[in-house]
Asks: 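Dumping the structure here so I can ask a few things about it.
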Amino acid sequence: EVCPSSCSCQTLGGARGLLVDCSHRQLQAVPPLPRDTRVLHLHNNSLSSVPVGALDRLLSLEQVEMAGNPWHCDCHILHLKLWLQDFSAASLANIRCASPAAMRMRLLGKLTGNELGACKRLLPVKCLEFFWRDLILIAGAVITLLLGAWALKFSKKLVCQLNLSQFGRRGRLLRGNPPKNH
């Protein structure tokens with residue numbers, strides 16, 4: 001893969017991967033990175049967030065530096081925080097928030113989910129679609145069960161009426177043979 005034009009790349013020797021240095025470039029977004037990136041320097045840029053999944057394809061990554069960026073610490077940075085917690089606690093320890101004002105200069109690693117704030121849309125649209133679909137399916141199942149119970153009750157009542165209509169007032173069979181005892 002090609003080294004991004006906004007970065008410099010060095011081979012770490014043999015098949016060990018690449019050191020990709022994108023630091024001090026005033027980047028506002030993470031460029032497409034080579035899959036064999038082993039060491040990534042993104043510090044001292046103008047990054048305020050990283051899109052979900054932007055770093056997930058870097059399976060060889062062993063080290064990342066992201067400090068010195070004006071990180072916007074709201075609910076949208078939570079995925080980066082969690083990714084760094086799993087990947088590199090040392091890198092997370094150096095990341096400070098630049099905005100919003102209440103978070104300024106606070107360490108991202110020390111913030112809780114409550115402090116990162118709630119986004120306007122708590123559930124992704126797809127989750128809401130699943131919720132409504134499931135709600136409709138459950139309502140349909142309940143209606144079907146109620147109709148089935150009603151039909152069963154009605155059929156028992158009808159059978160009882162038919163059985164009673166075969167006998168007269170005194171309990172004698174009006175037609176045919178006497179009832180068989182079982």
Asks: Hey, is CZ on Arg104 packed in by over 12 heavy atoms from elsewhere, all under 6.0 Å?
Replies: no

Asks: Checking Ser88 side chain against Leu84 main chain: does a donor-acceptor pair fall under 3.5 Å?
Replies: no

Asks: Mark yes or no for whether Thr112, through its side chain, and Glu115, through its backbone, hold a donor-acceptor pair below 3.5 Å.
Replies: yes

Asks: Mark yes when over 12 heavy atoms from residues, nucleotides or ligands other than Gln28 sit less than 6.0 Å from its CD; otherwise mark no.
Replies: no

Asks: Are Leu58 and Trp83 connected in the hydrophobic side-chain network, where two residues link if heavy atoms are under 4.5 Å apart?
Replies: yes

Asks: If you group Ile, Leu, Val, Met, Phe, Trp and Tyr by side-chain heavy-atom gaps below 4.5 Å, do Val39 and Val50 land in one group?
Replies: no

Asks: When you measure from the side chain of Ser23 to the backbone N and O of Leu42, does any donor-acceptor pair fall under 3.5 Å?
Replies: no

Asks: Under 4.5 Å between side-chain heavy atoms, counting indirect links through other Ile/Leu/Val/Met/Phe/Trp/Tyr residues: same cluster for Val64 and Leu19 or not?
Replies: no

Asks: Would the distance check show the side chain of Trp71 and the main-chain N or O of Met66 forming a donor-acceptor pair, the cut-off being under 3.5 Å?
Replies: yes

Asks: Between Ser99 and His72, is there a side-chain donor-acceptor contact under 3.5 Å, judged purely by atom types and distance?
Replies: yes

Asks: Out of the candidates Pro31, Pro4, Ser8, only one should pair with Arg25 under the side chain to side chain contact (heavy atoms under 4.5 Å, CB included) rule; please name it.
Replies: Ser8

Asks: Identify the two heavy atoms, one from Ser46 and one from Asn69, that lie closest to each other, and give their separation to 0.1 Å.
Replies: N-OD1, 3.4 Å

Asks: Leu82 vs Asp86, test: side chain to side chain contact (heavy atoms under 4.5 Å, CB included). Steps then yes/no.
Replies: CA-CA 6 Å; Leu82 296 173; Asp86 290 343; 5.6 Å; no

Asks: For Arg106 and Arg96, what are the C-alpha separation, side-chain angles and deciding distance, and is it a side chain to side chain contact (heavy atoms under 4.5 Å, CB included)?
Replies: CA-CA 5 Å; Arg106 295 194 51 198; Arg96 291 192 180 273; over 6 Å; no

Asks: Checking His41 against His24 for the ring pair (Phe, Tyr, Trp, His ring centres under 6.0 Å) test, could you report, in this order, the C-alpha distance in whole Å, the side-chain angles of both residues, the deciding distance, and whether it holds?
Replies: CA-CA 9 Å; His41 293 227; His24 304 280; 9.7 Å; no

Asks: Drop me the distance from Ser60's OG to Leu40's CG, to the nearest 0.5 angstrom.
Replies: 12.5 Å

Asks: What is the distance from atom CG of Leu18 to atom SG of Cys7, rounded to the nearest 0.5 Å?
Replies: 11.0 Å

